[in-house]
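Data block below; observations after.
Predicted, not measured: the structure shown is a model, and the values here were computed from it.
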Amino acid sequence: MTDTILAITTLWLFVFFYSILGTMDFGAGFWSFLYFNKEKTKVTNVANRYLSPTWEVTNTFIVLLVISLYALFPGAAYTLGTVLLIPGSLILLLLAIRSAFLVFSHIATKYSKVLTYISGITGIIIPALLISVLPISHGNYVEGEKGKEVLNLSALFTSPHEYAFVGFGVFSTLFLSALLLSDYSKESNEVEAFKIYRKNAMITGPISLVFAILVMWTMKSEAPWLFENMMEHSSMLLLSVLFFVIGGIGLYLPYFSKRDVKGMPRLAVIAIVIQYFIASFAYGRAHLPYIVYPIVTLENSFTDPATFRAVFIVIIICSAILLPGFYLFWRLFMKDKRYLSQQKQESKK
């Protein structure tokens, strides 16, 4: 494996982890907003209990991503920073607003309604803006030579390819978050919330699949180079669809317990995460060697070997420190019965 492939694989892993954790985080904010006035189901309580400790952890990956991109592919960072100036600025602004409201949500209880609305609205807009980076990287909306690129916003916002990606990003956010919150509700013995989140997952999952098909259909005409490369990895795409089906089955399988609970959300969550992993890996491989087609490639934007080795060592050390912490956090958050029961008691107050 060459240095450039190793570097881009590292970035892809950061993108993948942030995509999964971020969609669950943003989606939880939306579900909290949607069910804000339906306290009997405790759907909002479950979403807030998930959202409260996780949004800070999620932001760790976007920091790692930005720093690694700038250090490993400075040429690409310059181009992306120029082209994505407007959408990137909007993303940072919305993230800052959302984070500020989440920070003060615990002490400014009288503004809880406004805080919930801000979290819910930004929880949909931010994923839509973030996923817009992908069609922009396909090259149809970037004009000029390397170092003098500009984004053609009129072409971007009149493109069906862009809206296919936006729809896929939004409904993937709702689907993944509903899946995880259904699992979290079951662990917390919140049966009514579990049933609602399971139903939402059953609705948003097929819709996200439809938008994924639309992405491929529009890609054939707007980014034929990428579509052809994707078709070379059609076996991986079919494998991802298989895991999607397994995830769907997991929502319908009977679950034997003392309560009237149907479905195995943990199986569904694992299967769908694997599905997204395979699909995103196929997309990433098909995108190579371009970062922004056809201007920026891995080779012409890569840093010097000495810098790469230094940065990669730092990434390994940071990962060795952070990953055990993330694992322990996840165990506490999802499995510790004392923590779950304590949160449940607080929600009843």
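- The side-chain heavy atoms of Leu298 and Thr2, taken from C-beta on, include no pair separated by under 4.5 Å.
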Would you be so kind as to tabulate the donor-acceptor pairs closer than 3.5 Å made by side chains of residues 120-130, with sequence neighbours excluded?
unit_1, atom_1, unit_2, atom_2, d
Thr122, OG1, Ile118, O, 2.6
Thr122, OG1, Ser119, O, 3.3

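- The two residues Glu222 and Tyr141 have their closest heavy-atom pair at OE1-OH, 2.6 Å.
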Q: Apply the test side-chain contact (heavy atoms from CB on, under 4.5 Å) to residues Leu11 and Phe73: give CA-CA distance (whole Å), side-chain angles for both, the deciding distance (0.1 Å), then the verdict.
A: CA-CA 10 Å; Leu11 287 179; Phe73 294 96; 3.4 Å; yes
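- Looking at Thr79, its side chain never comes within 3.5 Å of a backbone N or O of Ala76 through a donor-acceptor pair.
- Side chain of Arg198 to main chain of Leu251: a donor-acceptor pair is present (N/O by atom type, distance under 3.5 Å, no hydrogens or angles).
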(Q) Pair Trp31, Leu34 - check side-chain contact (heavy atoms from CB on, under 4.5 Å), show working. (A) CA-CA 5 Å; Trp31 295 124; Leu34 185 65; 3.5 Å; yes
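- Side-chain N or O atoms of Ser221 include one that pairs as donor or acceptor with a backbone N or O of Thr218 at under 3.5 Å.
- Across Ser177 and Gly27, no two heavy atoms sit closer than the pair OG-CA, 3.3 Å.
- The backbone N or O of Tyr18 sits nowhere less than 3.5 Å from a side-chain atom of Asp25 that would complete a donor-acceptor pair.
- Residue Tyr35 holds its OH atom at 8.5 Å from CZ of Phe30, rounded to the nearest 0.5 Å.
- Considering CG of Leu181 and CD1 of Ile196, their distance stands at 11.5 Å, rounded to 0.5 Å.
- The structure places CZ of Phe302 at 6.0 Å from OG1 of Thr4, a figure rounded to the nearest 0.5 Å.
- More than 12 heavy atoms of other residues, nucleotides or ligands sit less than 6.0 Å from atom CZ of Phe16.
- Residues Met231 and Leu237 have side chains in contact (heavy-atom distance under 4.5 Å, counting atoms from C-beta outward).
- Between the side chain of Tyr163 and the backbone N or O of Phe157, at least one donor-acceptor pair lies under 3.5 Å.
- Sorted by first and then second residue, the side-chain hydrogen bond (donor to acceptor under 3.5 Å, both in side chains) pairs involving residues 225-248 (not counting sequence neighbours) form an empty list.
- When every heavy atom of Phe168 is checked against every heavy atom of Val215, the shortest pair comes out as CB-CG2, 4.2 Å.
- Here the closest non-hydrogen pair linking Ile291 and Ser301 is CD1-OG, 3.7 Å.
- Counted within 6.0 Å of CG on Leu92, heavy atoms from surrounding residues, nucleotides or ligands total more than 12; the atom is thus considered enclosed.
- With hydrogens and angles ignored, the 3.5 Å screen pairs a side-chain donor or acceptor of Ser19 with a backbone N or O of Val15.
- In this structure, the side chains of Leu90 and Pro87 stay at 4.5 Å or more apart for every pair of heavy atoms.
- Judged by distance alone, the side chain of His287 and the main-chain N or O of Tyr290 form a donor-acceptor pair under 3.5 Å.
- Counting only heavy atoms from C-beta outward, the side chains of Leu288 and Ile5 approach each other to under 4.5 Å.
- At a threshold of 4.5 Å between non-hydrogen side-chain atoms, the residues Ile97 and Leu93 count as touching.
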Q: Starting from the C-alpha separation in whole Å, work towards a yes-or-no answer on side-chain contact (heavy atoms from CB on, under 4.5 Å) for Leu151 and Ile86.
A: CA-CA 9 Å; Leu151 179 62; Ile86 294 178; 5.9 Å; no
List the atom pairs, donor and acceptor, that lie under 3.5 Å between side-chain atoms in residues 274-286 and the rest of the protein, sequence neighbours left out.
unit_1, atom_1, unit_2, atom_2, d
Tyr276, OH, Ser172, OG, 2.8
Ser280, OG, Tyr276, O, 2.8
Ser280, OG, Phe277, O, 3.0
Tyr283, OH, His138, NE2, 2.7

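- In this structure, CE in Met219 is found 4.5 Å from CZ in Phe165, a value given to the nearest 0.5 Å.
- Contacts of Asn140 classified as side-chain hydrogen bond (donor to acceptor under 3.5 Å, both in side chains), with partners at least two apart in sequence or in another chain: none.
- A single hydrophobic cluster is not seen to contain both Phe14 and Tyr70; linkage of ILVMFWY side chains at heavy-atom distances under 4.5 Å, directly or through other members, places them apart.
- Inter-residue side-chain proximity for Phe194 and Pro265 is flagged as met; some heavy-atom pair is nearer than 4.5 Å.
- The line from CZ of Arg98 to CD1 of Ile91 is 13.5 Å long, rounded to the nearest 0.5 Å.
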Under 3.5 Å donor-acceptor pairs involving side-chain atoms of residues 303-317, not counting sequence neighbours:
unit_1, atom_1, unit_2, atom_2, d
Asp304, OD1, Thr307, OG1, 2.8
Asp304, OD2, Ala306, N, 3.3
Asp304, OD2, Thr307, N, 3.0
Asp304, OD2, Thr307, OG1, 3.1

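- Under the 4.5 Å side-chain contact rule for hydrophobic residues, Ile295 and Val150 do not share a cluster.
- For the residue pair Ala268 and Gly247, the shortest heavy atom distance occurs at CB-O, 3.3 Å.
- With a 4.5 Å cut-off on side-chain heavy atoms, Phe244 and Ile272 count as touching.
- Between Val292 and Val83, the closest side-chain pair of non-hydrogen atoms is not below 4.5 Å.
- There is no path of hydrophobic side-chain contacts, each under 4.5 Å, that joins Leu85 to Leu69.
- In this structure, the separation between CG on Leu156 and CD1 on Ile136 is 5.0 Å, given to the nearest 0.5 Å.
- When hydrophobic clusters are built by joining Ile, Leu, Val, Met, Phe, Trp and Tyr residues whose side-chain heavy atoms come closer than 4.5 Å, directly or via intermediates, Trp12 is grouped together with Val63.
- Using modelled atom types, no side-chain atom of Ser159 and backbone atom of Ala155 make a donor-acceptor pair closer than 3.5 Å.
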Distance-only check: which donor-acceptor pairs under 3.5 Å involve side-chain atoms of residues 204-212, not counting sequence neighbours?
unit_1, atom_1, unit_2, atom_2, d
Thr204, OG1, Asn200, O, 2.8
Ser208, OG, Gly205, O, 2.6

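- Between His161 and Pro135, the closest heavy-atom pair is CD2-CB, 4.0 Å.
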